[in-house]
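Residue numbers begin at 1 in each chain, while the letters A, B, ... track the order of the sequences.
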2 protein chains.
Amino acid sequence: MEEYNFRNKYLFMENIDDTDRLILRALQADGSASLESISAGASISVNTCWRRVKRLEEAGIVSKRVALIDPEKVGLAQTVFVAIRTRDHSAAWLQRFSAAVSAVPEVIEFYRMAGDVDYLLKIQVGSVADYDRVYKALIARVDLADVSATFAMECLKNTTELPL
Amino acid sequence: MEEYNFRNKYLFMENIDDTDRLILRALQADGSASLESISAGASISVNTCWRRVKRLEEAGIVSKRVALIDPEKVGLAQTVFVAIRTRDHSAAWLQRFSAAVSAVPEVIEFYRMAGDVDYLLKIQVGSVADYDRVYKALIARVDLADVSATFAMECLKNTTELPL
DNA sequence: TGTGAAACACATATCTA
DNA sequence: TAGATATGTGTTTCACA
């Protein structure tokens, strides 16, 4: 099973050539770029480019197109990282925990971690007081053993572009 | 100065009404949505909707439009959080440090933190071995006091949608 | 792959309430 | 300030060679 997944992964990889990589880079940098400009950058015809973009979308390699909003401009400039330690819990509890945390819109990212910390959340709010409100909502939904928040003072880089 | 910025921020906020919020939510969820569908969702005419979207873009509230790529499908499924502690350093050193780290494409996010940890990086790579390569590149560029990496085992949520 | 035509969406002007 | 209408332009989509 494990091995099968790996094969699968590498099959996916084989299906992406250098031209696809150029297309993906262009789309990551600017989702509103026209097929004409993308095709010129990849040195292919508009039509071929369209077919490739469609394939990349249908394969889920391009998962979605979105507009990014400046957090500062809408008063949500405070990023908070929350490390959570849990006691041993049942699979059912973990399921409930995961669903409850994911449902909170202020939770932008949510990972199960290796090592000391069990879960890591990235939360986006307007202020420290605002975080406290989210924190209270979280602990009301699930009982947590150990929660520790660290606040970002300054965002030096934040991109959605993967290093292709 | 501090107060002036706050005023500025709230002026921005006042310029976003409930209709804008509906538009922003729609664009965050699907950047390829047509003006027609967005205008219908916000109960305004296509024309007015176009004017509002343009205003939101020109004001930088919509900062950019991008295509999101599935990290798994391109073999970049390993997320690593790197906590960095620095000794006291000069402003010039911090400047150099920030520029060097930001220039690494695998560094997706980069924050200056409050509290115990000075800086936090989110790195996106293909494997733990791949991370080691990035780590070596980092320490070759700048001398760091204390670097500790934690690896994500599973991504439970990862969205670019801000809670508007 | 490439060509080209039809369908669609966008951008803008003008006028009305 | 928002909506209706009209229209030129650009882009996407697809059938066919």
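Protein atom CD of Glu36(A) is 16 Å distant from nucleotide atom P of dT9(D), rounded to whole Å. At whole-Å resolution of the value, CG in Asp18(B) and P in dA2(D) are 13 Å apart. dA11(C) atom C1' lies 18 Å from atom CZ of Arg55(B), rounded to whole Å. Between the CZ atom of Arg65(A) and the P atom of dA9(C) there is a distance of 15 Å, given to the nearest Å. dT1(C) atom P lies 15 Å from atom CH2 of Trp50(A), rounded to whole Å. Rounded to an integer number of Å, the gap from Leu35(B) CG to dT11(D) C1' is 14 Å.
Under the 3.5 Å distance criterion, the side-chain polar atoms of Ser102(A) are left unmatched by any main-chain donor or acceptor of Lys157(B).
Between the axis at the start and the axis at the end of the helix from dT1(C)-dA17(D) to dA17(C)-dT1(D) there is an angle of 20°, using five pairs per end and rounding to 10 degrees.
A salt bridge between Glu57(B) and Arg51(B) is absent, with no side-chain N of the basic residue lying under 4.0 Å from a carboxylate O of the acidic one.
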Pairs of donor and acceptor atoms involving the side chains of residues 104-114 of chain A, under 3.5 Å and at least two apart or interchain, shall be tabulated with distances.
residue   : atom : partner   : partner atom : Å
Glu109(A) : OE1  : Tyr111(A) : OH           : 2.7
Glu109(A) : OE1  : Lys122(B) : NZ           : 2.8
Glu109(A) : OE2  : Lys122(A) : NZ           : 3.1
Glu109(A) : OE2  : Lys122(B) : NZ           : 3.3
Arg112(A) : NE   : Glu154(B) : OE1          : 2.8
Arg112(A) : NH2  : Glu154(B) : OE1          : 3.2

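At a threshold of 4.5 Å between non-hydrogen side-chain atoms, the residues Ile16(A) and Val74(B) count as touching.
Using a 4.0 Å heavy-atom criterion, one finds that Arg52(B) contacts the sugar-phosphate atoms exclusively. Looking at heavy-atom distances under 4.0 Å, Ile44(A) makes no contact with the nucleic acid at all.
Side-chain contact annotation: Gln124(B) with Thr79(B), donor-acceptor N/O pair under 3.5 Å present. Between the side chains of Ser45(B) and Asn47(B), no donor-acceptor pair is found at a separation under 3.5 Å.
OP1 or OP2 of dC14(D) sits under 4.0 Å from a side-chain N or O of Lys54(A). Between Thr48(B) and dG3(D), a side-chain N or O to OP1/OP2 separation shorter than 4.0 Å is present. Remark: Ser45(B) is not in phosphate contact with dA2(D), judged by side-chain N or O atoms under 4.0 Å from OP1 or OP2.
No donor-acceptor contact under 3.5 Å links the side chain of Asn47(A) to the base of dT13(D).
Taking the six-membered ring where the residue is Trp, Tyr135(B) and Tyr131(B) present tilted rings, their angle falling between 30° and 60°.
Each of Ser34(A) and Arg51(A) was matched to the nucleotide of DNA chain D holding its nearest heavy atom; the match closer to the 5' end belongs to Ser34(A).
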